[in-house]
Number of protein chains: 2
Amino acid sequence: MADTDHRPEHRYGNRPTMKDVAAKAGVGLKTVSRVVNGEPGVTADTERRVQEAIEVLGFRRNDSARVLRKGRTATVGLVLEDLADPFYGPLSRAVEEVARAHGALLINGSSAEDPDREQELALALCARRVDGLIVIPAGDDHRYLEPEIRAGVATVFVDRPAGRIDADAVLSDSFGGAREGTAHLIAHGHRRIGFIGDRPHIHTAAERLRGYRAAMEDAGLPVREEWVSPGPTGPERVDAAVRGMLTAPEPVTALFAGNNRVTVTVVRALAAQPRPIALVGFDDIELADLLGITVVAQDAAALGRTAAERLFRRLDGADGAPERVVLGTTLLARGSGEIAPPAA
Amino acid sequence: MADTDHRPEHRYGNRPTMKDVAAKAGVGLKTVSRVVNGEPGVTADTERRVQEAIEVLGFRRNDSARVLRKGRTATVGLVLEDLADPFYGPLSRAVEEVARAHGALLINGSSAEDPDREQELALALCARRVDGLIVIPAGDDHRYLEPEIRAGVATVFVDRPAGRIDADAVLSDSFGGAREGTAHLIAHGHRRIGFIGDRPHIHTAAERLRGYRAAMEDAGLPVREEWVSPGPTGPERVDAAVRGMLTAPEPVTALFAGNNRVTVTVVRALAAQPRPIALVGFDDIELADLLGITVVAQDAAALGRTAAERLFRRLDGADGAPERVVLGTTLLARGSGEIAPPAA
DNA sequence: ACGCGCTATGACAACGTTGTCCAGGTCCTA
DNA sequence: TAGGACCTGGACAACGTTGTCATAGCGCGT
């Protein structure tokens, strides 16, 4: 019997290692490593023998060991806010394309909008020693990432800026977009416009509200507080907000919806209304063209691409102070935003 | 000067290790390990000292080394077909929830519908030593996974079955759903019904076409070949197919769309038509309720959940022959499928 | 025949962690 | 006070890979 067994119980179903391949091929360990990595200095004949052994044994290199030895993982992490939100599909796809072009693998996970989960996930990725991290923040305090960043994990925030630390960020122009969208409604004759947005501690939500207020102020229009409703984006709350604004003493004749989820609910709510109410939404939505919904569109793919490119520039050694990049938005007039107010 | 330096050039910006923590705290290496892993056998005082040192140094355990030593990663991989397709959002989210409930991390990547990329990605995940793999196939030959499965990587296919190997799979009832959807159109009086689907080498696409044909045959209706159009799901092809079917010698009065992408394009094309054409689509779409589109809905979240649960049962040691689970679909009548044919 | 340079190959340490085993200390009981 | 049980802490090997270095074999010029 064996004297002592230092091996953990369940290994990978006993996978072959380079050592096994070397034994099978009758060569040294390092020669196998050379073949596997395509390094020069191996005769064609030796290489063939090694390849054969690899084939027969079904060997695959263990990247954990490789990472441990090399110190670089060629992997970047993406922390999403919600995998199921269609807005993030094109974004993460764009990040993946850039990563791929740089020969890196993308690992992503979602925080389900929970700051604790965001932190847990980001740190788990750091423990896996990703080379870099792209984060769509759910929380607003990212000091927990400071040791990681100091230790060399390149980090770029996207869609929303980092909270309480200084870091690269790639954002859409929420303020400008909301201002333009609101001004569009004003230009079509509306004077009483409602704003329904996300919770105000979310940076983009606050910016969009600010843009709405700015447009109203630019036009010299008053904003009654019943017309402004920030809060969770669940259907109940949004429905209630719509109802409230339409039945207020001075009811609104137009609405600005602060993001795609709000827009969807508002569209459903307005469909049940007798009078047409003008609507501009932030974020584009699939089929919005068919429904004639006017939106302020962000370019989600460009956000992802820009963030990823910045990340890889950092990984390639670019230093310098963190920068904030702001991408423009596009107003897409499709009908709902061009409805005139009822004749007073 | 140092005699020889065996260290790779770029390490993780010189991250602290347990050894460093141990030195700082004035304890042994293993004691730090115990604290980090919450193992018993450490006095409160020692633990405090260690925690302090961890804090000060910004230490984070290197999971690569841990994995190497332990042989299990508590990580599962998900190979998606297209990150940007909204159908996969809820699916991957469901997988993530189950993984999380089992204390595992989810890594996912997308194949962009390219079989080579699917293989590349799946094998890269295996090299990272994921414990298990959930695959939405892009290709139709998965023999490349055989060595991995033999080596103990639990593998479950979802949405489409594996090709040329025997493996667990969780599918929607494409055949039954398409048959029901088509029968629904027949029940509303249609006799000339067109089918526009994805390329026939895709299993689900073939099954849906089969379901369509079965429904027609059940009703004793002929199927003219101009009414059947499988192929790529790009807008040009689908547009052309719609036009072709509406201008054929015997034009169709209703259409069955084989997946969400096709449905979207068909809806746009039909909006430009003078006469109303009935439509049932496979897969639900956001806002389809507002547009009144009748669909055969799959439960994407249930697919993901079921697949993930099966995977973890395998990881917990369940063995036995691979099984195929088929989930039912639901017909959601919303208007477009209930349009009667024009009076002949 | 000798030494030189070159190439193909292998021996060995190290990456950071965890499992095993042992040593020393403390506390209790006989 | 001796002896044992128990607790705490540390030394050491091993996980699978890669970088460094040493060596053996070869051809070639003198």
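First the proteins, then the strands, lettered A, B, ... as listed; each starts at 1.
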Quiz prompt | side chain to side chain donor-acceptor pair (under 3.5 Å) partner of B:Tyr144, the single match among B:Glu118, B:Arg164, B:Gln119, B:Glu120 | solution = B:Glu118
Practice problem: May I ask you to decide whether A:Asp316 forms a salt bridge with A:Arg313, counting only side-chain N to carboxylate O separations under 4.0 Å? | Solution: no
Quiz item: Taking 4.0 angstrom as the limit, do A:Glu113 and A:Arg160 come out as a salt bridge?
Solution: no
Practice problem: State plainly whether the residues B:Glu148 and A:Arg60 are in salt-bridge range, i.e. N to O under 4.0 Å. | Solution: yes
Quiz item: Taking N and O atoms by type only, does the side chain of A:Lys30 place a donor or acceptor under 3.5 Å from a partner on the base of D:dG19?
Solution: yes
Quiz prompt | All side-chain contact (heavy atoms from CB on, under 4.5 Å) counterparts of B:Asp20, not counting sequence neighbours | solution = B:Pro16, B:Thr17, B:Leu57
Quiz item: Between A:Arg100 and A:Glu96, is the closest basic N to carboxylate O distance under 4.0 Å?
Solution: no
Practice problem: Send over the distance from A:Arg60 CZ to D:dG16 C1', rounded to a whole Å. | Solution: 15 Å
Practice problem: State whether the distance check finds a donor on one side and an acceptor on the other, under 3.5 Å, for side chain A:Arg66 versus base D:dT17. | Solution: no
Quiz item: Which part of the nucleic acid, if any, lies within contact of A:Asn37, taking any heavy atom under 4.0 Å across all strands shown: a base, the sugar-phosphate backbone alone, or nothing?
Solution: sugar-phosphate
Practice problem: For A:Glu47 and C:dT7, give me the distance from atom CD to atom C1', rounded to whole Å. | Solution: 16 Å
Quiz prompt | For atom CG of B:Leu29 and atom P of D:dA11, their distance in whole Å | solution = 9 Å
Quiz item: Does the side chain of B:Thr46 get closer than 4.0 angstrom to OP1 or OP2 of D:dG9 through an N or O atom?
Solution: yes
Self-check item: the helix from C:dA1-D:dT30 to C:dA30-D:dT1: angle between end helix axes, five pairs per end, rounded to 10 degrees
Solution: 60°
Exercise. Find which nucleotide of DNA chain C each of B:Glu39 and B:Ala65 is nearest to by heavy atoms, and output the residue with the more 5' nucleotide.
Key: B:Ala65
Quiz prompt | Value in whole Å for how far the C1' atom of D:dG16 lies from CZ of A:Arg34 | solution = 17 Å
Quiz prompt | Residue A:Thr43, side-chain heavy atoms: nucleotide from D:dC15, C:dT17, C:dT9 that is nearest | solution = C:dT9
Exercise. Take the protein atom NZ of A:Lys70 and the nucleotide atom P of D:dT18, then report the distance between them rounded to whole Å.
Key: 7 Å
Quiz prompt | Per A:Arg61 side chain, nearest of listed nucleotides D:dG10, C:dG16, D:dT18 | solution = D:dT18
Self-check item: Spacing between A:Met18 atom CE and C:dC12 atom C1', to the nearest angstrom
Solution: 16 Å
Quiz item: D:dG16 C1' sits how many Å from B:Arg69 CZ, rounded?
Solution: 12 Å
Quiz item: What is the distance, rounded to the nearest whole Å, between atom CG of B:Asp20 and atom P of C:dC15?
Solution: 11 Å
Quiz item: NA contact type, B:Val36, heavy-atom cut-off 4.0 Å: base, sugar-phosphate, or nothing?
Solution: nothing
Quiz item: According to a strict under-4.0 Å criterion, is A:Thr31 in side-chain N/O contact with OP1 or OP2 of C:dT9?
Solution: no
Quiz item: If you measure from the Lys or Arg side-chain nitrogens to the Asp or Glu carboxylate oxygens, is any gap between A:Glu309 and A:Arg305 under 4.0 Å?
Solution: no
Exercise. Please check the phosphate of C:dT18 (OP1 and OP2 only) for any side-chain N or O of B:Ser33 closer than 4.0 Å.
Key: yes
Quiz prompt | Residues B:Val27, B:Val42; criterion side-chain contact (heavy atoms from CB on, under 4.5 Å); working and verdict | solution = CA-CA 11 Å; B:Val27 301; B:Val42 182; over 6 Å; no
